[in-house]
Amino acid sequence: MTFRILFSDYDYASVEIEEKVIRKSLPDVEFIHAQCKTEEDVIEVAKGVDAIINQYAPISRNVIEKLSNCKVVARYGVGVNTIDIDAAAEKNITVCNVTDYCLDEVSDHAITLLLSLARKVTLFNNQVKEGDWDFKAGSPIFRLRGRVLGLLSFGNIAKKVAMKGQAFGLKVIAYDPFIPKEVAKEYNVELVELDDLLRRSDFVSIHTPLTDDTHHIIGAEQLKLMKEEAFIVNTSRGALIDEKALIQALHNNEIAGAGLDVLEVEPIPVDNPLLEMDQVLINPHAAWHSVEAQEELKTKTAQNVADVLTGVEPKYIVYPGKK
């Protein structure tokens, strides 16, 4: 039997690692390479496939309902917001992700953005290169020790951010209705309600998954609760923050600044006002990236597909599909 596996889209130089991993378990396999952007693109190339490896292309209900033979959709990454999980469940299609490939990278990146904002590193660098040698240009700068870091969600990445933040003397609080107090206590983290977190935090770092319930979890109302000298950092998903509300809050000096690795529209449009703001750091969805993390992600994503197609329970399951 020949298995047909579709790469719906990818922004890597090649998928040799994935193909090598899959061929170890499935010697008789046909790979289909695409760069789908729309539902229609996916539907056109996914006819009769046994599996889909997905990055950004929409695997929507419309797509899934037209899949006649698909057994697994495996996504590169932790988040599965590109995939309609309910529709996959109705079709008994297994959905897989990779939850642990970039914990150090993303937590390091979140702390890096926090430190860069707090110490005005990028601002100083840009001004010195423009001929302005003046430490006062970054005022006010506050000591980190004793300040409060608030974490939205307290999963694997946030736990690492907590430990790294504590090394700088930050007090860490978190909002996560799904985490027991005992777990937070192990990390010397106080669990609080969202409004309390926003009022108390000098730095807010977002690590929650993007779902219907968390879309725009930070909007105008929430931003107004934050301190004027507070910064917000997002290394999770852009749509967790209402970007228009954030731009307005920054214009009104309601908060001090933002470190954004993710945005509502990626790549960022050239007319986005955030690009003109010195108090905003913007990265190209790079927090996850390292040589090691990319290889691990590709390997584990492919192994998820190989496992499902050979009847083995994969390590990383969002929805288990048909047994």
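- For the residue pair Asn54 and Ser8, a side-chain donor N or O sits within less than 3.5 Å of a side-chain acceptor on the partner.
- Of the possible polar contacts, one joining the Ser236 side chain to the Thr208 backbone as a donor-acceptor pair under 3.5 Å is found.
- Because its NZ or CZ atom is not both nearer than 6.0 Å to the ring centre of Tyr316 and within 45° of the ring axis, Lys300 does not count as a cation-pi partner of that residue.
- Crowding of Arg23 atom CZ: a count of heavy atoms from other residues, nucleotides or ligands under 6.0 Å exceeding 12.
- Here the side chain of Lys71 pairs a donor or acceptor atom with the backbone of Asn69 at under 3.5 angstrom.
- With a 6.0 Å radius and a threshold of 12 heavy atoms from other residues, nucleotides or ligands, Glu221 has its CD atom at or below the threshold.
- At least one side-chain heavy atom of Pro140 sits less than 4.5 Å from a side-chain heavy atom of Phe142.
- Here the side chain of Asn97 pairs a donor or acceptor atom with the backbone of Val78 at under 3.5 angstrom.
- In this structure, the side chains of Val29 and Asp50 stay at 4.5 Å or more apart for every pair of heavy atoms.
- In summary, the side chains of Asp28 and Thr2 do present a donor paired with an acceptor at a separation below 3.5 Å, with no hydrogens or angles considered.
- Between Phe7 and His33, the ring planes are parallel. Angles under 30° get that label, and only those over 60° would be called perpendicular.
- Checked by atom type and distance alone, the side chain of Ser107 pairs as donor or acceptor with a backbone atom of Asp104 at under 3.5 Å.
- A distance-only check finds no donor-acceptor pair linking the side chain of Lys160 to the backbone of Leu103 [under 3.5 Å].
- Across Val72, Val318, Ile53, a single residue satisfies side chain to side chain contact (heavy atoms under 4.5 Å, CB included) together with Cys96, and that is Val72.
- Of the possible polar contacts, none joining the Arg75 side chain to the Asn81 backbone as a donor-acceptor pair under 3.5 Å is found.
- Between the side chains of Asn304 and Thr301, no donor-acceptor pair is found at a separation under 3.5 Å.
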Item to complete: Determine, step by step, whether Thr235 and Asn283 satisfy the side chain to side chain contact (heavy atoms under 4.5 Å, CB included) criterion, reporting the C-alpha distance in whole Å, the side-chain angles of both residues, the deciding distance to 0.1 Å, and the verdict.
Response: CA-CA 9 Å; Thr235 53; Asn283 284 183; over 6 Å; no

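- With Glu190 contributing its side chain and Lys171 its backbone, the two residues share no donor-acceptor pair below 3.5 Å.
- Here the side chain of Gln55 pairs a donor or acceptor atom with the backbone of Asp11 at under 3.5 angstrom.
- Judged by distance alone, with hydrogens and angles left aside, the side-chain atoms of Asp261 form a donor-acceptor pair with the main-chain N or O of Ala286 at under 3.5 Å.
- Between the side chain of Asn234 and the main chain of Arg237, a donor-acceptor pair closer than 3.5 Å is present.
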